[in-house]
Structure formats: structure tokens, C-alpha cells
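Accompanying notes for the structure given below.
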Amino acid sequence: MKNFLRASAGLTLAGSMCLAHAEAATSFNPHALPVPPALSVHATAGTASEHVNELKFGDIFKLPIGPKGLEASERLRSLDGKQVRMIGFMAARESATPGQFILSPLPVLMGDEDESFADDLPPSAVFVHLPPALHGETVLNLHGLMQIEGALRVGPQEEPDGRVSAVRIELNDTTSRWLPLAPRVTATR
């Protein structure tokens with residue numbers, strides 16, 4: 001009984017911390033926009049089209065974690081190069097990197113200036129790249145659960161912000177057209 005109470009207290013504390021973290025991530029930027037209806041998760045979101053494979057954050061690494069640490073799962077490797085759909089939260093950032101954003105299994109607040117690479121980004125986070133025509137564009141912060149579709153790429157790659165990603169999704173044109181982009185700043189002379 002003592003162990004059960006101890007475990008329950010840990011779950012309650014973890015749940016409270018997740019809730020507080022989710023509230024912080026949402027209130028981080030009062031100008032964050034809600035997820036556009038075309039990208040929001042609907043009650044029928046569980047059925048992907050025949051050309052799109054459903055990928056969950058729990059499918060990314062082998063479980064349980066073994067002596068080699070985190071390893072890509074067979075499912076993840078089998079979907080490399082194929083169209084996938086994922087559901088998650090956009091990681092809120094103070095300053096976004098043009099042409100990409102990060103999809104996380106839970107709301108995350110990334111403080112770029114004081115935390116830099118020591119942030120709360122989970123290992124299963126996925127880097128999402130815009131199509132080549134939009135590489136210079138910056139996606140505005142969105143809060144809420146969203147679904148995205150695109151081509152899965154697996155393997156280490158250095159990102160423009162200096163991080164190294166293990167998993168990436170290259171958004172398809174249909175998904176990317178619904179993302180709100182920051183207005184371009186033009187230099188005046």
C-alpha cells in the first residue's frame with residue numbers, strides 16, 4: 001500500500017507539473033494563435049488516408065530502452081521516406097528558425113536566450129521542415145493539438161539552429177498552406 005501511495009503521489013506531482021508546463025507554454029506568448037481548423041485534431045482524426053501512415057511519438061524509439069540507450073524503432077525505420085501523419089504540439093519558441101518548427105508530444109516552452117540547448121525538448125520531438133518554396137518563411141507560434149502530414153526522414157542531421165535532429169518531417173504543400181506565416185520584414189533605405 002505504501003508503494004501505491006508513493007507512486008500515486010508521483011503521478012499526481014507529474015500530472016500537476018505537466019499541467020503547469022502546458023499552461024506556461026500556452027501563456028508564454030499571448031500572441032500565439034490557435035491551431036487553424038484545417039490542422040486541428042478532429043474526432044475522426046484516427047483514420048489516415050491510404051497513402052499516409054499514422055506515426056505516433058511512442059513509435060519513434062524501441063521500448064523498453066536498452067543498454068545502447070535510445071534506438072530508432074523498426075516501425076520508424078520502415079516509414080523512412082514515406083508519407084506520415086503525426087499529432088502533437090508546436091514547441092513554443094521566443095525566436096523561431098525560418099523554414100521549420102518542432103513538433104512535441106506535449107506542450108513545450110523553449111527559452112532560447114537563457115536555456116539555449118538545455119531546454120525541455122523531449123527526445124522524441126520531431127523537426128518539421130517547410131517545403132523548399134517556404135524555407136525562408138517563419139511559422140507563427142500555435143497553441144493546441146495539431147496534425148501534420150509530410151515525408152518522414154530518419155537519421156542525424158544538423159539543423160539551422162545548431163541542434164541535431166534524429167527525425168524530421170518535410171511538410172507537404174497541403175499541410176503547409178494552412179500554417180500562419182510571420183510577415184516578412186523588408187529593409188527600407
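All values derive from a computational prediction rather than experimental measurement. The analysis underlying the following values was restricted to heavy atoms, covering all of them including side chains, and did not include hydrogens, waters or symmetry mates.
- Inter-residue side-chain proximity for Met146 and Leu103 is flagged as met; some heavy-atom pair is nearer than 4.5 Å.
- The side-chain heavy atoms of Glu71 and Lys62, taken from C-beta on, include a pair separated by under 4.5 Å.
- The backbone N or O of Asp59 sits less than 3.5 Å from a side-chain atom of Ser73, completing a donor-acceptor pair.
- The residue from Glu158, His129, Glu159, Gln157 that alone fulfils the side-chain hydrogen bond (donor to acceptor under 3.5 Å, both in side chains) condition with Ser165 is Glu159.
- With values rounded to the nearest 0.5 angstrom, Met90 atom CE is found 11.5 Å from His143 atom NE2.
- In this structure Pro160 satisfies the side chain to side chain contact (heavy atoms under 4.5 Å, CB included) test together with Thr97, Gln100, sequence neighbours excluded.
- Put simply, CG on Leu152 and NZ on Lys82 are 10.0 Å apart, with the number rounded to the nearest 0.5 Å.
- Rounded to the nearest 0.5 Å, atoms CH2 (Trp178) and CG (Leu171) are 14.5 Å apart.
- When all heavy atoms of Gln83 and Asn172 are compared, the closest pair comes out as OE1-ND2, 3.9 Å.
- Between the His135 side chain and the Leu130 main chain, a donor and an acceptor come within less than 3.5 Å of each other.
- Side-chain contact check for Leu145 versus Phe89: some heavy-atom pair is nearer than 4.5 Å.
- When all heavy atoms are compared, the tightest approach of Gly144 to Val35 is O-CG2, 3.5 Å.
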Q: Go through the steps to decide whether Asp161 and Arg93 satisfy the test side-chain contact (heavy atoms from CB on, under 4.5 Å), and finish with yes or no.
A: CA-CA 12 Å; Asp161 66 0; Arg93 299 179 78 174; 3.2 Å; yes
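- A search for side chain to side chain donor-acceptor pair (under 3.5 Å) contacts involving Glu170 returns Arg153, not counting sequence neighbours.
- One finds the CG atom of Leu70 at 9.0 Å from the CG atom of Leu63 (value rounded to the nearest 0.5 Å).
- Rounding to the nearest 0.5 Å places CG of Leu109 at 11.5 Å from OG of Ser104.
- Counting only heavy atoms from C-beta outward, the side chains of Gln147 and Ile87 approach each other to under 4.5 Å.
- Two residues are said to be in side-chain contact when any heavy atoms from C-beta on lie closer than 4.5 Å; Val139 and Leu181 meet this criterion.
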Q: Show the numbers, then the answer: is there a side-chain contact (heavy atoms from CB on, under 4.5 Å) between Met110 and Leu121?
A: CA-CA 7 Å; Met110 297 172 58; Leu121 195 60; 4.0 Å; yes
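- Panel note: side chain Arg168, backbone Ala151; no donor-acceptor pair is recorded below 3.5 Å.
- Annotation: side chain of Pro36 is not in contact with side chain of Leu179 (no heavy-atom distance under 4.5 Å).
- Contact of the Val126 side chain with the Ile60 side chain is registered, since non-hydrogen atoms from C-beta on lie closer than 4.5 Å.
- With contacts defined as side-chain heavy-atom distances shorter than 4.5 Å, the pair Phe61/Leu76 does not qualify.
- Listed for the Asn141 side chain is no donor-acceptor partner under 3.5 Å among the backbone atoms of Leu33.
- Residue Ser124 holds its OG atom at 8.0 Å from CG of Leu106, rounded to the nearest 0.5 Å.
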